[in-house]
Amino acid sequence: MNIDAKYHPTPEQLEGFAQGSLAPGMNVVISAHVELCSTCRKSISELEEAASEEWLRSAPATRASSINFSAMIDRIVDHPQMKGDDITRNNVPKIHMLDHSVTLPRALAKVASDGLVWNQLAGGINQAMVTLDDQTQCEFLYMKPGSQVPVHKHQGNEVTLVLDGSFEDELGHYKPADFVVRTAKDLHQPASEEGCLCFAVLDSPLTFTKGLARLLNPFIRYRFRRATSAAAY
Amino acid sequence: MDDVISGAGSILMGSLAKTNSVREPASAPRVSSEASDSDERLLIAVGNHQDRAAFNALFSRFSNKIYAMGMKLTRNEQLSHDLVQEAMLTVWQKAPLYDLDRGTAQSWIFTLTRNRCFDILRKMKRQPATVSADDIWPQEGDIDSQLVHEETGTMEVEVSKIESFYGQLPAAQRAVVEQIYIHDRTHEEAAAVLAIPLGTLKSRLRLGVGKLRQMVGTEV
Ligand SMILES: [Zn+2]
């Protein structure tokens, strides 16, 4: 699958993905974009080369003297090797929305395969939260045609990957595979004329800044705590 | 995958037998002959011949580095020890799938280690087991899978045209097609002859056969 995305992860996010230093939720959303974007796939393999150089250069040659490495090798080479035909590819779950279904990138298909519970929020937004780690809030969002999210800002970073349809805000119009990054400084009001399915990852709660929507703030914080504490049991 | 390859076989079989004078050196970009003990060469020996000595050499080059990555991320000797075991086991098991055309051996081993480390950390932090490293980072063969397309119907094309198409393939792909369809070798034998990993052989074969079918398809 290759789609020409206009918006991509930041260089830092791609680097963290290649190095394996990000939280699982952030890894999942970047993985889904990378699967759709050949430009970022190419960057990732270059970043992996660079990370491997750095790893070999900087890692100290320490080893635990207590480990019997030759016994370990003996155990390893007892295992059969894999052939190319051994690779089983994951089947590709779809999400069914109203009148059509959407095929998900592999990582998101895995996330959705446990089943999603959709909640209706104000403004024509449907949300299905998933718990992937204790540092991020992850959710599928379905914006009905003509829906609008209340003006809000974030305390941390918000990443939104468009999977189907499109949405727009003050800064642009976003289509499938677009990876939209908003930082704590950004105040924005997404809306979707044609309807939109996306996957969003937030590394801290939203705060609404206008009108009655502000009443939601304690609720949002509660929801975030609940989403992250579910991971910590 | 096999159906694609054998499908093309019926086109190619026999028609190319005359052209085996074309004997380009198998292009294996990152393995230079002077670096006879490069990581790539060791990995190919492990993947193609289960070469125990080559595996020992890889083990002594990488196990300390893997251990260090484990200590940095888990600060736990037992987990770091487990990481060495699991990462090197994956190197052994997946060596036949390593694809030269997609990166260096050290980068490949780095990504295997990173992935095993991700899974170990996830268990350590008791995070939900929803996604594993293999769901997140692309696996061997994932990219190739998109190149496979089904075609039905018989194609009639002049033998001389196939030969000219074959001549247009990049040398590395031509060498692989030659081994399989002209010399009639198995994948394993061809990988050994060309001294490339089985994974590289398969991906070059898929690419080469795909291109031939495309050229044949646009001519008829
Ligand atoms: Zn991209």
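All values below were derived from every heavy atom in this structure, side-chain atoms included, with hydrogens, water molecules and symmetry-related copies excluded.
Residues A:V201 and A:Q137 are not in side-chain contact: their nearest non-hydrogen atoms beyond the backbone lie 4.5 Å or more apart. Using a 4.5 Å heavy-atom cutoff, the side chains of A:L56 and B:F62 are in contact. With a 4.5 Å cut-off on side-chain heavy atoms, B:Q168 and B:M215 count as touching.
With a threshold of 4.5 angstrom between heavy atoms, A:E53 approaches chain B through its backbone and through its side chain. If you measure heavy-atom distances from B:V91 to chain A, you find no contacts under 4.5 Å at all. At a 4.5 Å heavy-atom cutoff, the contact between B:R52 and chain A is made by side-chain atoms alone. The contact between B:I66 and chain A is made by backbone and side chain atoms together, counting heavy-atom distances below 4.5 Å. Both the backbone and the side chain of A:A51 come within contact range of chain B, judged by heavy atoms closer than 4.5 Å.
Scored by the ring pair (Phe, Tyr, Trp, His ring centres under 6.0 Å) test, A:F179 finds A:H33 as partners (sequence neighbours excluded).
Each of A:S21, A:S58, A:A32, A:G20 has some count of heavy-atom pairs under 4.5 Å with chain B, and the biggest count is that of A:G20.
Aromatic ring centres of B:F55 and B:W92: separated by under 6.0 Å.
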